[in-house]
There are 2 protein chains.
Amino acid sequence: MAQAQTLSRNQQIVLNIIEKAKGPLKAYSILFNVQKKGINAPQQIYRALDKLIEMGKIHKIESKNAFVACKSSDCEISKATAFSICESCEMVDEISDAKLSKYLSSFNHRKGMKFKRFNLEFFGLCKKCK
Amino acid sequence: MAQAQTLSRNQQIVLNIIEKAKGPLKAYSILFNVQKKGINAPQQIYRALDKLIEMGKIHKIESKNAFVACKSSDCEISKATAFSICESCEMVDEISDAKLSKYLSSFNHRKGMKFKRFNLEFFGLCKKCK
DNA sequence: TATCATAATGTTATAATATAACGTTTGTTA
DNA sequence: TAACAAACGTTATATTATAACATTATGATA
């Protein structure tokens with residue numbers, strides 16, 4: 001079984017950069033930042049990103065094609081993610097709201113579909129940009 | 001002011017294809033389907049898609065980079081969209097649930113952000129694929 | 001109806017995002 | 001230590017999306 005905690009070298013490098021970043025990072029901007037460390041190809045970045053997502057260490061912001069570190073204890077390895085996204089600056093904030101999470105996790109579509117996972121993106125202007 | 005109802009030729013062509021489709025369509029697959037009608041370049045598709053989204057006639061499924069026709073009267077020109085997405089087949093269904101919509105529209109993040117819009121994607125297996 | 005502004009068009013080129021496919025290396029564990 | 005799985009490195013290419021520029025249609029109004 002894959003060990004939940006141990007990160008490979010490339011995974012650790014990529015995660016460090018994402019964790020240090022103030023906002024969401026794009027794959028190619030990560031790539032440019034790690035070329036000094038000997039990572040040269042997009043494939044290497046995308047592979048690390050995929051694994052980090054699987055492990056729940058990071059999330060993809062779908063509307064921005066960008067990645068943020070997970071800050072939520074509620075998201076249960078990315079089964080229940082919610083973000084607030086500022087349409088003016090680059091700010092993205094992960095929303096940890098147990099009530100919201102519970103409400104959505106128990107939501108079931110009439111048409112017979114049982115959901116395994118959801119991703120919610122809110123858009124607006126953050127405090128600064130308002 | 002832009003007239004909410006009148007569609008240009010290209011917009012109409014693109015909308016027709018999306019409305020006739022059984023599932024979400026990707027930009028380039030739309031392009032291949034309309035080359036017989038004299039639309040030759042991606043730019044033409046993307047421009048039509050952008051306008052149709054603005055008008056609320058279609059929505060983008062962010063996790064799939066694909067587009068579906070709007071079927072909801074609740075979504076208020078894409079201010080409040082929710083979809084159920086089958087992870088096995090290509091099925092995407094727009095969720096019209098007034099309660100859900102109201103709940104999320106009135107949700108406000110603690111950190112002082114007032115939301116203008118949200119997009120929610122649920123993932124699971126549809127009836128057929130289950 | 002002439003004119004002006006706006007929206008939409010057509011086209012070429014290119015940017016940005018992401019994956020396929022292959023062989024090699026490393027790490028785990030039986 | 002042999003065998004397997006995971007991660008790596010690399011080249012090539014596929015997919016998604018936008019920039020930039022010239023042209024043509026459309027609609028409002030003077």
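We name chains A, B, ... by the order of the sequence lines, and we start the count at 1 in each one.
- To the nearest 0.5 angstrom, A:I85 atom CD1 is 10.5 Å from A:D93 atom CG.
- Here the nucleotide nearest the side chain of B:F67, chosen from C:dT9, D:dA7, D:dA17, is D:dA17.
- For D:dC8, one of the phosphate oxygens OP1 or OP2 lies less than 4.0 angstrom from a side-chain nitrogen or oxygen of A:S8.
- Side chain of A:T81 to backbone of A:S78: no donor-acceptor contact under 3.5 angstrom is found.
- Where B:K64 and B:R47 meet DNA chain D, the nucleotide closest to each residue was compared, and B:K64 sits on the side nearer the 5' end.
- Between B:K51 and the phosphate of C:dA8, there is a side-chain N or O to OP1/OP2 separation shorter than 4.0 Å.
- The side-chain heavy atoms of A:V68 and A:L25, taken from C-beta on, include no pair separated by under 4.5 Å.
- Side-chain N/O atoms of B:E121 and B:S63 include a donor and acceptor closer than 3.5 Å.
- You won't find any donor-acceptor pair under 3.5 Å spanning the side chain of B:Q43 and the base of D:dA17, going by distance alone.
- For A:Q44 against D:dA7, a side-chain-to-base donor-acceptor contact under 3.5 Å is absent.
- In this structure, A:M55 places its CE atom 10 Å from C1' of D:dA6, rounding to the nearest Å.
- Under 4.0 angstrom from either OP1 or OP2 of C:dA16 there lies no side-chain N or O belonging to A:N65.
- Between B:P42 and A:D50, the residue whose closest nucleotide on DNA chain C is further toward the 5' end is B:P42.
- Less than 4.0 Å separates DNA chain C from at least one heavy atom of each of the following residues of residues 11-40 of chain B: B:Q11, B:N40.
- Residue B:R9 has its side chain nearest to C:dT9 when only C:dT9, C:dA18, C:dT11 are considered.
- For A:F123 and B:F118, the gap between ring centers reaches or exceeds 6.0 Å.
- Residue B:K60 places at least one side-chain N or O under 4.0 Å from the OP1 or OP2 atom of D:dA17.
- Counting to the nearest Å, the P atom of D:dT10 and the OH atom of A:Y46 are 18 Å from each other.
- Under a 3.5 Å cut-off, the side chain of B:S84 and the backbone N or O of B:V92 do not form any donor-acceptor pair.
- No side-chain N or O of A:N40 forms a donor-acceptor pair with one of A:Q44 less than 3.5 Å apart.
- Spacing between atom CG of B:N10 and atom P of D:dA25 amounts to 13 Å, rounded to whole angstrom units.
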